[in-house]
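What follows is a short report on a single structure.
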Amino acid sequence: MQNVHADDHPMLDYLSVSVGGFSNNTSANMRADGAVKDSGSRLDFSRDLGQGGTRTLPYLDVTWRPWDRHEVEFTYYHDSNDSSRYLNRTLEFNGDQLAVGAQLSSRFSLDAASAGYRYWAWIGDRGAFGVSVGLQAYRFSLKLSGNAFAATNNNEVSTSATRTARVSSDLPDPWIGVSYRYQATDWVRIVADAGAFKANVDQVDATLYNGRVGAEFYPWDHFGVITQYSFNRIDADVSRSQFRGDVDFKFKGFQLLLKLRF
């Protein structure tokens with residue numbers, strides 16, 4: 001096989017680097033059990049922690065097609081946020097109890113990376129269809145802390161000591177999917193990808209869905225602008241020593257990227 005360049009197939013690149021912003025809307029819930037399975041309270045990130053909403057995150061995407069039909073891709077983004085919320089119910093979190101009436105502070109961080117391989121099974125004059133496999137890896141941490149308030153026998157309010165609890169884990173999950181590229185005009189390209197899989201990897205039993213659809217605009221041969229919508233969801237039951245429980249994370253939103261290609 002010999003190396004090829006973008007001119008061989010206008011809808012495919014030999015090498016590309018895209019950077020920009022991901023207007024990410026996070027929707028998540030989690031149960032952290034500690035030592036006793038199913039003992040934790042279900043946490044809604046928006047309702048209980050104030051961690052919902054949309055934030056713009058830096059985003060990186062790199063593709064390399066060393067041979068005619070074979071392509072690899074790497075993506076990465078990072079999110080972290082601090083929030084505070086008045087707790088109106090008692091929570092069991094990783095073996096600790098946070099009582100009703102606490103001013104609850106939370107810090108959430110996430111690193112999301114994917115590495116994939118794509119085989120372009122059909123390549124036409126303007127379109128290409130491929131199948132893909134890869135690994136999506138999330139690393140998250142959540143720290144909760146706050147003063148818990150309780151009532152005495154005389155119905156007077158007393159303050160307990162500050163409680164702090166933290167969980168973190170890696171969530172690796174493979175995926176398989178399909179891809180489509182279409183060169184609508186010399187300067188406009190349509191892109192679409194979708195993938196899903198369910199697997200048990202390293203004590204993480206997870207179901208993953210991902211997808212993106214968008215358009216790439218090329219005012220110059222080697223420079224373009226990407227506008228696309230991305231969706232990722234992982235629903236995982238975890239039985240590791242550092243974190244036992246389950247998580248359901250959804251990340252979705254529009255991406256605006258600048259792309260350099262060859």
Is there side-chain contact between Val188 and Gln183, with at least one heavy-atom pair below 4.5 Å?
no

Would a single hydrophobic cluster contain both Phe231 and Val178, if residues Ile, Leu, Val, Met, Phe, Trp and Tyr are joined by side-chain heavy-atom contacts under 4.5 Å?
no

Hey, are the side chains of Val247 and Leu171 touching, using non-hydrogen atoms and a 4.5 Å cut-off?
yes

Show which side-chain atoms of residues 199-208 pair as donor or acceptor with protein atoms under 3.5 Å away, not counting sequence neighbours.
| residue | atom | partner | partner atom | Å |
| --- | --- | --- | --- | --- |
| Asp202 | OD2 | Arg240 | NH2 | 2.7 |

Partners of Phe217 by ring pair (Phe, Tyr, Trp, His ring centres under 6.0 Å), sequence neighbours excluded?
none

Nearest heavy-atom neighbours spanning Gly21 and Leu257:
N-CD2, 4.0 Å

Within residues 119-135 or reaching into it, pairs that qualify as side-chain hydrogen bond (donor to acceptor under 3.5 Å, both in side chains) - sequence neighbours excluded
none

All heavy atoms of Ser168 vs all of Arg139, minimum pair found to be OG-NH2, 4.4 Å

Applying salt bridge (charged side-chain N to carboxylate O under 4.0 Å, His left out) as the test, list every pair that has at least one member in residues 39-56; sequence neighbours left out.
Arg42-Asp246, Asp48-Arg89, Arg55-Asp79

Look only at the side chain of Ser39 and the backbone of Asp33, and say whether a donor-acceptor pair between them is shorter than 3.5 Å.
yes

Co-members of Trp220 in a cluster of I, L, V, M, F, W and Y side chains, linked at under 4.5 Å:
Phe223, Val225, Leu256, Leu258

Close side-chain approach of Phe45 to Leu142, heavy-atom, < 4.5 Å:
yes

The salt bridge (Lys or Arg N to Asp or Glu O under 4.0 Å) partners of Arg244 (sequence neighbours excluded) come to none

Any pair with a residue in residues 248-260 that passes salt bridge (charged side-chain N to carboxylate O under 4.0 Å, His left out), sequence neighbours left out, goes on the list, sorted by first then second residue, please.
Asp13-Lys259, Glu216-Lys259, Arg233-Asp248, Asp248-Lys250

Working to the nearest 0.5 angstrom, can you tell me the gap between Leu49 CG and Leu104 CG?
6.0 Å

Should we say atom CG of Asp186 is surrounded by more than 12 heavy atoms from elsewhere, each under 6.0 Å from it?
no

For Phe129, the ring pair (Phe, Tyr, Trp, His ring centres under 6.0 Å) test, sequence neighbours excluded, returns none

Got a second to check how far Asn29's CG is from Leu43's CG, nearest 0.5 Å?
8.5 Å

On a heavy-atom basis, the closest approach of Ala128 and Met11 is CB-CG, 3.8 Å

Heavy atoms only: give me the nearest Gln255-Ser230 pair and the separation to one decimal.
NE2-CB, 3.4 Å

Any side-chain heavy-atom pair of Val213 and Val191 under 4.5 Å:
no

At what distance, to the nearest 0.5 angstrom, does NE2 of His222 lie from OG of Ser16?
13.0 Å

Scan side-chain atoms only and decide if Ser105 and Ser145 contain a donor-acceptor pair under the 3.5 Å cut-off.
no

Interatomic distance, Ser23 atom OG to Tyr59 atom OH [nearest 0.5 angstrom]:
13.5 Å

Kindly indicate, with the supporting measurements, whether the criterion side-chain contact (heavy atoms from CB on, under 4.5 Å) is fulfilled by Phe262 and Trp64.
CA-CA 10 Å; Phe262 302 95; Trp64 180 41; over 6 Å; no

Is there a donor-acceptor contact under 3.5 Å linking the side chains of Ser109 and Ser141?
yes

Atom pair CZ/CD of Arg118 and Glu71 - distance to nearest 0.5 Å
5.0 Å

Check Arg212 against Asp61 and note the closest heavy-atom contact, atom names and distance.
NH1-OD2, 3.3 Å

Show your working on side-chain contact (heavy atoms from CB on, under 4.5 Å) between Ser41 and Arg31 and close with a plain yes or no.
CA-CA 6 Å; Ser41 303; Arg31 193 192 74 240; over 6 Å; no

Cluster partners of Phe74, using ILVMFWY side-chain heavy atoms under 4.5 angstrom, listed by chain and number?
Val17, Val19, Leu60, Val62, Tyr76

Under the side-chain contact (heavy atoms from CB on, under 4.5 Å) criterion, do Ile234 and Tyr138 qualify, and how do the steps go?
CA-CA 9 Å; Ile234 183 169; Tyr138 301 94; 3.7 Å; yes

For Gln51 and Asn81, test the side chains for any donor-to-acceptor distance below 3.5 angstrom and give the result as yes or no.
yes

Quick one: which residue pairs count as a ring-ring contact (aromatic ring centres under 6.0 Å, His included) with a foot in residues 164-213, not counting sequence neighbours?
none

Check: Phe251 and Asn25 side chains under 4.5 Å, non-hydrogen atoms:
no

Any donor-acceptor N or O pair under 3.5 Å, side chains Ser114, Thr75
yes

Cluster membership besides Tyr218, Ile/Leu/Val/Met/Phe/Trp/Tyr side chains within less than 4.5 angstrom, sorted by chain and number, is none

Cluster check Val133, Leu135: I/L/V/M/F/W/Y, side chain < 4.5 angstrom
no

With rounding to the nearest 0.5 Å, note down the distance linking OG1 in Thr26 to CZ in Phe249.
9.0 Å

List the residues meeting salt bridge (Lys or Arg N to Asp or Glu O under 4.0 Å) with Arg69, not counting sequence neighbours, and say none if there are none.
none

Looking at Arg166 and Asp96, does any basic side-chain N land under 4.0 Å from a carboxylate oxygen?
no

So, for Phe22 and Tyr77, is the gap between ring centers shorter than 6.0 Å?
yes

Stepwise salt bridge (Lys or Arg N to Asp or Glu O under 4.0 Å) test for Asp173 and Lys198:
CA-CA 8 Å; Asp173 201 34; Lys198 179 175 175 59; over 6 Å; no

Using the rule side-chain contact (heavy atoms from CB on, under 4.5 Å), only one of Leu12, Ile123, Ile190 pairs with Arg181; which is it?
Leu12

Using a strict cut-off of less than 4.0 Å between a Lys/Arg side-chain nitrogen and an Asp/Glu carboxylate oxygen, indicate whether Arg261 and Asp221 qualify as a salt bridge.
no

